[in-house]
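The first residue in the sequence is number 1, and the count goes up from there. These numbers were taken from a predicted model, which means no experiment stands behind them.
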Amino acid sequence: MFEIKRIDNVDEVCVMVIRSSFRTVADEFGLTRENAPTNAAFIELDALTAMRQKGAQMYGGFCDGRLVGFVAVRKAKDDLYYMEKLAVLPDFRHRGYGRQLVDFAVKAVREAGGRRISIGIINENTVLKEWYKCIGFIETETRQFPHLPFTVCHMELAV
């Protein structure tokens with residue numbers, strides 16, 4: 001059984017789920033601590049704690065009591081919220097858990113008065129981009145940052 005619950009105190013288990021989930025993408029695109037230090041595959045507990053302290057609401061996806069997924073949402077401005085660190089452990093993918101976490105985040109944003117959710121992904125990750133499009137996200141812009149070895153694609157979903 002998959003259950004989503006709010007996480008009030010982040011810990012190393014949350015960090016491990018995020019790192020392990022993002023590691024597959026980091027490996028696929030050749031990301032390292034040196035060329036993409038802010039990628040979630042390399043997140044540390046202090047960075048996750050700082051997100052929480054800046055107002056991010058964090059939710060965990062639990063399968064039989066084990067944390068196997070994660071998502072964070074935080075208010076950006078006005079009616080815009082960011083959805084970040086959406087993660088599902090590789091062994092638990094393709095079961096609909098990622099979609100359930102997105103749906104849960106959408107509901108949380110809607111209940112908080114938000115009307116839009118924004119995400120940033122690796123533009124070259126066409127599989128992930130298509131997955132988000134199937135959910136209803138639309139591409140709003142792509143940007144190249146000199147310190148990143150990939151193009152960032154920003155997408156939004158009206159909630």
Side-chain angles (χ1 to χ4, degrees), residues 2-11 13-22 24-26 31 36-63 67-89 92-93 95-145 147-148 150-159:
F2 188 72
E3 179 183 21
I4 300 171
K5 298 187 277 190
R6 183 176 166 153
I7 296 176
D8 291 318
N9 297 305
V10 293
D11 58 17
V13 176
C14 297
V15 171
M16 183 279 303
V17 167
I18 295 168
R19 278 190 195 163
S20 297
S21 300
F22 278 80
T24 57
V25 173
L31 306 182
T38 59
N39 185 274
F42 314 110
I43 195 164
E44 300 288 343
L45 182 57
D46 60 345
L48 199 56
T49 301
M51 281 180 62
R52 179 82 180 101
Q53 291 170 341
K54 291 179 182 175
Q57 299 297 313
M58 300 182 177
Y59 304 97
F62 296 83
C63 190
L67 183 67
V68 300
F70 186 91
V71 68
V73 293
R74 68 180 172 93
K75 186 171 185 171
K77 61 181 179 182
D78 304 323
D79 65 353
L80 177 66
Y81 282 70
Y82 295 133
M83 183 175 73
E84 302 172 295
K85 310 295 182 266
L86 177 65
V88 175
L89 289 173
F92 291 86
R93 292 181 182 159
R95 300 181 192 183
Y97 298 160
R99 177 62 190 260
Q100 288 180 55
L101 285 163
V102 171
D103 290 346
F104 193 92
V106 166
K107 182 178 179 219
V109 167
R110 191 179 295 126
E111 288 174 356
R115 298 183 53 106
R116 297 177 295 142
I117 293 178
S118 176
I119 60 170
I121 65 168
I122 296 173
N123 188 58
E124 293 80 2
N125 191 341
T126 55
V127 171
L128 183 62
K129 187 192 286 192
E130 287 305 312
W131 184 79
Y132 276 116
K133 285 181 179 180
C134 287
I135 292 173
F137 280 83
I138 58 166
E139 189 174 329
T140 56
E141 73 171 331
T142 56
R143 292 183 63 192
Q144 184 69 51
F145 294 94
H147 65 282
L148 293 176
F150 55 84
T151 304
V152 175
C153 175
H154 290 111
M155 302 179 84
E156 277 190 15
L157 176 70
V159 299

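Within the 4.5 Å cutoff, side-chain heavy atoms of Met83 are placed close to those of Phe137. Between Ile121 and Tyr132 the shortest side-chain heavy-atom distance falls below 4.5 Å. Residues Val73 and Tyr59 meet the side-chain proximity criterion, which asks for heavy atoms closer than 4.5 Å. When side chains are defined from C-beta on, Val109 does not count as touching Arg116, because their heavy atoms never get closer than 4.5 Å.
No more than 12 heavy atoms of other residues, nucleotides or ligands lie within 6.0 Å of CG in Asn9, so this atom counts as exposed by the packing criterion. Within 6.0 Å of the CZ atom in Arg95, the count of heavy atoms belonging to other residues, nucleotides or ligands exceeds 12.
The structure places CD1 of Ile122 at 5.0 Å from CG of Leu31, a figure rounded to the nearest 0.5 Å. If you take CG on Leu86 and CZ on Phe22, they are separated by 6.5 Å, rounding to the nearest 0.5 Å. Note that NZ of Lys129 is 8.0 Å distant from OG1 of Thr126, once rounded to the nearest 0.5 Å. Taking NZ of Lys54 as the reference point, atom CZ of Arg74 lies at 7.5 Å (rounded to 0.5 Å). The distance from the NE2 atom of His147 to the OG1 atom of Thr38 is 5.5 Å, given to the nearest 0.5 Å. One distance of note links CZ of Phe70 with CZ of Arg19; it measures 13.0 Å at 0.5 Å rounding.
The aromatic rings of Phe2 and Tyr97 sit parallel to each other, their planes meeting at less than 30°, with 60° as the upper class boundary.
Judged purely by atom type and a 3.5 angstrom limit, Arg115 has no side-chain atom pairing as donor or acceptor with the backbone of Ala158. Judged by distance alone, with hydrogens and angles left aside, the side-chain atoms of Arg110 form a donor-acceptor pair with the main-chain N or O of Val159 at under 3.5 Å. Remark: the backbone N or O of Cys14 is paired with a side-chain donor or acceptor of Asp11 at under 3.5 angstrom. Without hydrogens or angle criteria, Glu124 side chain to Thr151 main chain gives a donor-acceptor distance under 3.5 Å. Panel note: side chain Glu84, backbone Val71; no donor-acceptor pair is recorded below 3.5 Å. Of the possible donor and acceptor atoms, none in the side chain of Arg99 sits under 3.5 Å from a partner among the backbone N and O of Ile135.
Across Thr140 and Met155, no two heavy atoms sit closer than the pair OG1-N, 4.0 Å. Shortest non-hydrogen contact noted between Val68 and Cys63 is CG2-CB, 3.9 Å. Closest approach of Leu80 and Ser118 over heavy atoms only: CD1-CB, 3.8 Å. Minimum interatomic distance between Cys153 and Glu139 (heavy atoms only, all atoms of both residues): SG-CG, 3.5 Å. Listed here is the closest heavy atom pair of Leu89 and Ser20: CD2-CB, 3.6 Å. Closest of all the heavy-atom pairs between Ala87 and Val17 is CB-O, 4.2 Å.
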#### Entry: Test log, rule side chain to side chain contact (heavy atoms under 4.5 Å, CB included), inputs Val15 and Ile43
CA-CA 7 Å; Val15 171; Ile43 195 164; 4.2 Å; yes

### Task
Tell me, with the steps shown, if Gln100 and Asp103 meet side chain to side chain contact (heavy atoms under 4.5 Å, CB included).
CA-CA 5 Å; Gln100 288 180 55; Asp103 290 346; 5.6 Å; no

### Query
Under the side chain to side chain contact (heavy atoms under 4.5 Å, CB included) criterion, do Ser21 and Arg93 qualify, and how do the steps go?
CA-CA 10 Å; Ser21 300; Arg93 292 181 182 159; 3.9 Å; yes

### Task
Would you please test Val10 and Leu45 for side chain to side chain contact (heavy atoms under 4.5 Å, CB included) and show each step?
CA-CA 8 Å; Val10 293; Leu45 182 57; 4.1 Å; yes

